Amino acid sequence: EQTVAKSTSLEDHLVWQLVIANTGHEPEGTRSGFPIFLEEAGYQSRGQPMIKDVSDPAAMRIRACQPFLAGPDADRTLLWIVHELNNTDKHRIIPVTSTYSFVGHVRIRRDDSPPEDIVPFLEEVREPLRSGGEIARIPFSNASGGLDCDLAVGMDLAFEKVGGVVRQPATGLLKEAIEYVSGLIATF
């Protein structure tokens, strides 16, 4: 079972403001924060004390977004991913891997002949790139005439593993996480 470490995350600032809105004064000590738990037992014993001075509706909203409510997918929820990225960023290097995706096709045209697809269109391939690995091969047999190649390949960096999410392109995952946290804060 994992718990939230003390941090200066947006969620912790949210709880700070919720305590002030409910009590009229700042939280005492350092125990207040936004609890994020994979298991309900941990939330009950250690999470609830972190929000003891927020209003009842705010406490119900905080509980309603807990990862443990997603059951077996708890470690794939955006809130858990934000939690993992926050803790990883503070304590260790975030492991990344290169991924590639064809954003089009590999097309070749010889002289004035019609274009020929030599690698079909692929929407996305999420495999790590390895040093010396082959992405595509263009066959050249007697290239004496005019040759025109069209090779559309895109690359992205991905987190090797964040929570239960494996090799998810970083840009998309971070965008989803930002939108989730912004939306969550707006609900309060």
Side-chain angles (χ1 to χ4, degrees), residues 1-18 33-40 42-43 47 50 58 61-107 117-138 149-188:
E1 179 179 337
Q2 298 184 20
T3 184
V4 70
K6 289 311 298 165
S7 66
T8 56
S9 69
L10 287 174
E11 300 87 6
D12 290 339
H13 288 292
L14 172 63
V15 169
W16 185 272
Q17 294 302 316
L18 290 172
F34 197 101
I36 303 172
F37 287 85
L38 286 178
E39 296 181 10
E40 187 171 13
Y43 179 80
M50 296 170 72
R61 179 69 188 108
I62 290 169
R63 185 186 190 290
C65 68
Q66 288 301 306
F68 66 80
L69 294 173
D73 292 326
D75 65 346
R76 296 181 53 82
T77 64
L78 285 171
L79 188 57
W80 187 255
I81 290 167
V82 167
H83 164 75
E84 287 289 283
L85 287 171
N86 182 44
N87 282 342
T88 301
D89 183 47
K90 290 184 299 193
H91 302 295
R92 57 193 178 274
I93 295 174
I94 298 175
V96 294
T97 185
S98 295
T99 63
Y100 71 94
S101 59
F102 286 100
V103 293
H105 49 254
V106 178
R107 178 173 281 174
D117 288 340
I118 58 175
V119 174
F121 177 80
L122 295 172
E123 179 72 27
E124 189 168 38
V125 178
R126 283 198 185 147
E127 295 296 327
L129 291 176
R130 303 279 186 237
S131 179
E134 184 175 293
I135 296 175
R137 180 179 298 246
I138 300 174
C149 295
D150 178 14
L151 174 64
V153 177
M155 287 184 61
D156 198 2
L157 286 179
F159 297 113
E160 184 64 38
K161 184 172 191 247
V162 179
V165 176
V166 178
R167 290 194 207 125
Q168 181 76 25
T171 306
L173 184 60
L174 291 173
K175 182 180 178 199
E176 281 184 66
I178 289 167
E179 289 171 356
Y180 176 77
V181 170
S182 296
L184 176 64
I185 289 171
T187 65
F188 284 90

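The structure displayed is predicted, hence computed values, not measured ones.
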task: Taking E84 for its side chain and G164 for its backbone only, find out whether a donor-acceptor pair lies under 3.5 Å.
output: no
Shortest non-hydrogen separation from V166 to K161 and the atoms involved: CG2-CG, 4.2 Å
- line: Shortest non-hydrogen pair, F34 vs L14, comes out as CE1-CD2, 4.2 Å
message: Could you measure the distance from the OG1 atom of T77 to the CG atom of L69? Nearest 0.5 Å is fine.
response: 9.5 Å
message: Counting the benzene-type ring for Trp, do H13 and W16 have ring centres under 6.0 Å apart?
response: no
Smallest separation among heavy atoms of L184 and C65, with atom names: CD1-SG, 4.0 Å
For D75 against I81, the heavy-atom pair lying closest together: O-CG1, 4.4 Å
- line: Residues P67 and A74: closest non-hydrogen pair is O-CB, 3.1 Å
field: Q66 versus P35, closest heavy-atom pair with distance
entry: NE2-O, 2.7 Å
task: Flag the pair I62 / Y43 as yes when at least one side-chain heavy-atom distance between them is below 4.5 Å, and no otherwise.
output: yes
- request: From the options V181, L173, V165, select the one residue that forms a side-chain contact (heavy atoms from CB on, under 4.5 Å) with L78.
  value: L173
query: Under the side chain to side chain contact (heavy atoms under 4.5 Å, CB included) test, which residues partner E40, sequence neighbours left out?
result: Q44, R63, F68
field: Check: R61 and T187 side chains under 4.5 Å, non-hydrogen atoms
entry: yes
